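Remarks on the structure that follows.
This is a predicted model, so every value here is computed, not measured. Keep in mind that the numbers below use all heavy atoms, side chains included, and drop hydrogens, waters and symmetry copies. Counting starts at 1 for both ligands and their atoms, following the listed order.
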Amino acid sequence: MALATDTIESEVQRLGRKLYQQAAQNKPSLFESRDLLGRMIDWSLDDESLRVALFRFVDVLPSLESSSEIGRHLEEYFTRVDHALSGLAILANVLHAGTVVAPLVKRNVIKLARRFIAEESGNHLPSVLSSLRKEPAAFTIDLVGEATVSEAEAVVMQQRYLDIMRRLAGVSAKWPECSQIDQSSSGKIPRVNVSVKLSSLCARFDALDPNTEAIVCRRLRELFRRAAQLGAAVTVDMEQNDFRELTLDIFRRVLEEEEFRVQPYAAIALQAYLRDSEHDVTALIRWARAHQRRIGVRLIKGAYWDNEIAWAKQKDWPIPVFLEKAATDASYERLSRLLLEAHDVIDPAFGSHNLRSLAHAIVAAKEIGVPINGYEIQMLFGMAEPVRQAIIRNGQRVRVYLPVGELLPGISYLIRRLMENTSNTSFLRQTYAEKKTVDALIKPPAVAQGQQVEEKHDRQRFYNEAPINFAKLANRQRFAATIEEVRGKGQKRRQPARNDRWLESVNPADPNEIIARVPAATLADTAKAIDNAARFFPQWRATPAADRTEIIFKAAEIMRERRWQLAAREVLEVGKGWREADADVCEAIDYLNYYAHQMLRLADPRETQQLPSETNSYFYEPRGLAAIIAPWNFPLAILTGMTAAALVTGNCALMKPAEQAPVMGEQLLEILRTAGLPQGACQLLQGGGEIGAALVRSPKIHVIAFTGSREVGLEILRESYTHRLGQTHVKRVVCEMGGKNAVIIDNDADLDEAVVHVIDSAFSYQGQKCSAASRVILLPELHDRFVQRLVDAVGSLKIGPPEDPRNALGPVIDADAHKRICEYIQIAKQEANCVLEMAAPEEGFFIGPAIFRDVDPQSRLAQEEIFGPVLAVLKANDFDHALAIANNSQFALTGGIFSRSPAHIEATRREFRVGNLYINRGITGAVIERQPFGGLKLSGIGSKAGGPDYLLQFVEARTVSENTSRHGFVPVERAKN
Ligand code: NAD
């Protein structure tokens with residue numbers, strides 16, 4: 001019989017109090033300050049800067065080989081923190097000992113790690129398991145190690161799981177029966193239980209790539225098969241929200257197969273902090289009932305809370321987690337009930353250290369009629385031991401989540417746990433460090449009234465356009481359908497507008513496919529367009545800035561409405577992958593909005609100084625006619641950015657897209673016209689370099705906005721500054737050119753991150769980005785390991801038409817580019833050692849990625865912009881040498897470093913002189929306003945695109961001074977502004 005809500009709550013309180021009385025008697029080992037690190041954790045609870053320094057130090061420690069390196073990092077991290085706490089004085093003393101304490105520190109961290117991680121080899125694991133069994137507590141094993149970035153690593157990971165299941169099946173068979181952990185209400189429980197992160201089973205866990213599902217299903221199937229043979233259990237862990245849909249799909253899909261209808265015992269983890277979790281729980285229950293498949297569900301609160309918020313904010317996606325801790329706690333209680341009520345098909349497991357949450361689940365189980373062995377409680381190894389003991393004493397079945405692996409590579413796991421348990425909202429911290437009262441600890445979660453409110457966007461403030469979330473199936477289906485839709489339209493032949501000359505847009509993945517034919521401009525058309533613009537200019541200049549910005553804002557709205565089609569067209573026209581194409585469209589929308597906002601800032605005249613009897617006003621006017629000459633590699637964004645800047649400031653634009661991407665030019669013009677832009681303000685001239693050159697040479701052009709190669713850029717600068725007959729002004733040139741961008745990998749870099757980001761920076765869009773990484777500079781200690789992981793990981797990528805999202809790599813833009821890059825690869829083979837040259841499809845302009853090592857910093861491979869999937873690996877003697885190599889280039893566009901040394905990061909900030917420097921992240925994908933973009937040296941001479949100074953290049957400033965007094969009469973009223 002169901003109990004009334006009040007009765008249940010008082011039961012929860014009673015049990016919570018009882019458990020608390022037992023648990024509060026002893027401290028968990030984490031909060032014991034027996035050794036140096038225990039003490040450091042104690043101090044860090046009160047001092048955020050020390051906490052950050054401490055965790056960052058522990059994070060970098062595994063990568064530090066020598067004592068002197070450990071000493072250097074200790075000093076770098078801890079001399080910077082606030083020394084307010086008395087404990088820090090001890091620390092500071094210790095630090096003076098420098099390298100002497102290094103081995104001691106490493107020993108202590110290893111000791112600390114051993115409290116959270118069991119070693120895979122040797123006797124540590126069996127001894128941990130047998131002591132757990134004595135408690136008695138069951139276990140589930142999570143294999144920790146480096147992130148999986150290649151197929152080879154995925155195979156190793158799968159093998160580790162297969163091996164450990166076999167090994168433990170043998171060991172566990174000899175254990176005497178213990179009914180508290182070996183029996184459930186429906187029979188015998190597997191003693192061997194492993195927890196698997198699906199992302200560890202493939203090189204690239206990406207919902208967009210249909211191969212991910214196929215590969216992971218294959219590997220999971222083998223794990224399930226082995227588990228079924230051995231009578232073991234497999235729980236699928238839940239990772240970040242981006243992986244959630246795919247993880248659930250894979251879990252269900254494999255279990256639906258006939259072979260797995262009954263065996264093995266399988267479970268999945270769900271996170272209560274997600275706002276969608278209730279939906280997932282009910283869907284999973286429905287699925288289990290429909291398939292009559294009994295499964296376990298481990299309910300946890302979720303371990304990626306800060307990250308989920310940060311990732312969502314970066315992309316401007318809805319925040320997937322509850323922002324309030326109490327809301328997560330309340331969700332946990334709701335979901336606990338749902339799972340218990342589905343006991344016919346679900347075996348619930350409650351993973352938490354929070355006594356309130358656990359007491360609630362236990363009371364709810366009793367009330368719903370689930371026997372005590374019909375569900376279990378799970379806790380992390382090394383944490384909350386007193387809580388665990390209290391729960392075991394209550395007769396519950398407890399399972400310990402036990403990370404197993406090498407101690408030092410497992411540190412990232414340790415960091416996550418430390419962060420979690422020392423955060424302000426941690427139940428353990430509140431219980432054992434802050435000593436909150438029992439009443440406060442076990443009170444029901446009080447959720448503040450009102451929904452989590454998403455920030456509303458409006459015109460008042462600039463915001464970045466959110467990319468499409470391809471982790472969602474509906475979005476993937478829609479994009480695939482849109483490609484088909486635009487393909488149908490694109491293939492239609494058009495009628496000539498004025499002459500018989502055509503420019504063809506071809507699909508670089510299949511040059512036989514003509515995406516579109518557009519009328520090509522002649523030199524006569526160009527001259528006529530310039531005259532039209534010159535005639536219209538006075539009118540456009542006189543148009544109020546508010547009206548011009550209105551049109552540009554409107555264009556942004558229209559572009560947003562058409563974003564799917566535009567991105568799909570880019571996939572076909574220039575061979576971009578889905579995400580890359582979508583990002584280009586987002587950037588184009590951003591340019592429109594951002595420059596319109598910037599224009600509002602510049603529009604009104606300013607009074608320079610306030611004086612009696614005189615007004616001094618300073619204001620901007622457009623320069624006149626702007627030639628916009630764009631490249632093909634960001635075919636919509638760069639064209640839109642340069643054009644919008646010219647138009648919104650009141651110039652008339654003559655827009656010349658790259659000849660490889662005429663469709664994007666047409667689309668943009670159409671959008672601007674629909675937004676209400678007058679004909680004369682912007683004209684489109686489709687064609688090649690000769691049209692660009694004619695614009696540049698025209699004496700009627702005032703400003704040239706060019707983005708493209710160094711060769712063309714320098715020629716444009718030469719031509720533009722040559723005075724021509726009839727020319728009454730000096731032209732202004734905005735010139736963004738190429739790059740030869742380097743990424744330094746410091747000795748202490750996080751290799752998991754460095755490999756993934758270097759691959760993305762070097763090979764996404766086949767390296768055809770001005771910002772792409774084309775040089776990687778490594779220090780000797782890390783060199784071979786990094787190159788090996790890099791080569792394995794790149795070798796795991798697929799090449800083919802980008803409309804198929806299985807392909808991480810597509811074609812290069814055209815036959816010329818193909819020929820040029822192939823020639824460079826031959827040159828590189830003479831200059832350096834080729835460690836990877838992947839095969840590529842014969843049809844289409846495909847080139848497999850090539851990686852060269854032992855590259856001479858002076859060689860052509862290290863100095864010239866290749867603009868394709870070719871990466872040079874250079875070896876530096878030490879960090880200063882690495883910086884010198886990085887700066888040894890005629891270009892200075894982007895650059896990056898992966899390092900965990902505060903001093904090296906600081907030196908890089910100061911000394912690595914590039915336009916856009918990126919630290920511990922990829923070096924491409926600058927976001928408008930967030931990362932204004934543009935290079936130094938021969939990479940460019942403009943003010944940064946998407947930055948606050950950009951529009952100034954399209955205007956001229958004027959100052960007007962007026963004496964307002966008349967024979968001693970000084971008016972009181974001042975002019976506006
Ligand atoms: P490109 O220089 O060949 O062509 C760029 C544009 O210039 C095209 O529209 C082309 O038709 C036109 N053009 C060619 N010859 C001309 C001439 N003599 N006079 C006037 N116009 C002429 O470059 P691309 O192949 O389209 O683009 C790739 C290059 O662009 C790479 O070098 C890349 O690094 C650079 N790029 C730089 C940035 C940046 O922001 N710095 C951004 C994107 C691309």
Discussion item. Measuring from atom CD of Gln598 to atom OH of Tyr950, what distance do you get when rounded to the nearest 0.5 angstrom?
Written reply: 12.5 Å
Discussion item. Using ring centroids (six-membered ring only for Trp), state whether His818 and Phe846 fall under 6.0 Å.
Written reply: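 Phe846 vs His818: aromatic centres not under 6.0 Å.
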Discussion item. Between Arg623 (side chain only) and Lys731 (backbone N and O only), is there a donor and an acceptor less than 3.5 Å apart?
Written reply: no
Item to complete: For Ser939 and Ala892, indicate whether the former's side chain and the latter's backbone hold a donor-acceptor pair under 3.5 Å.
Response: yes
To check your reading of the model: name the closest protein heavy atom to [atom], its residue, and the distance in Å.
| atom | answer |
| --- | --- |
| atom 14 (C) of ligand 1 | Gly689 CA, 3.6 Å |
| atom 27 (O) of ligand 1 | Pro631 CB, 3.4 Å |
| atom 26 (O) of ligand 1 | Trp632 CD1, 3.0 Å |
| atom 12 (C) of ligand 1 | Ile629 CG2, 3.5 Å |
| atom 18 (N) of ligand 1 | Glu715 OE2, 3.5 Å |
| atom 32 (O) of ligand 1 | Glu865 OE1, 2.6 Å |
| atom 9 (O) of ligand 1 | Ala630 O, 2.6 Å |
| atom 42 (C) of ligand 1 | Cys770 SG, 2.9 Å |

Using a plain distance cutoff, I'd like to know if [X] has any nitrogen or oxygen under 3.5 Å from a nitrogen or oxygen of ligand 1.
| X | result |
| --- | --- |
| Thr707 | no |
| Asn633 | no |
| Met737 | yes |

[X] side chain to [Y] side chain, donor-acceptor N/O pair below 3.5 angstrom:
| X | Y | value |
| --- | --- | --- |
| Arg562 | Gln667 | no |
| Gln660 | Asn633 | no |
| Tyr918 | Gln931 | no |

Discussion item. Just so I know, are the side chains of Pro662 and Glu573 near enough to count as touching, which here means a heavy-atom distance under 4.5 Å?
Written reply: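 Yes. Closest side-chain heavy atoms under 4.5 Å.
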Worksheet item: Any ring-ring contact (aromatic ring centres under 6.0 Å, His included) pairs touching residues 694-735, not counting sequence neighbours?
Response: His702-His729
Item to complete: Under 4.0 Å, heavy atoms only, figure out whether ligand 1 is touched by the backbone of Gln660, its side chain, both or neither.
Response: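 Contact part for Gln660 vs ligand 1: neither.
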Discussion item. On a heavy-atom basis, I'd like to know which of Ser709, Ala926, Ala945 is closest to atom 3 (O) of ligand 1.
Written reply: Ser709
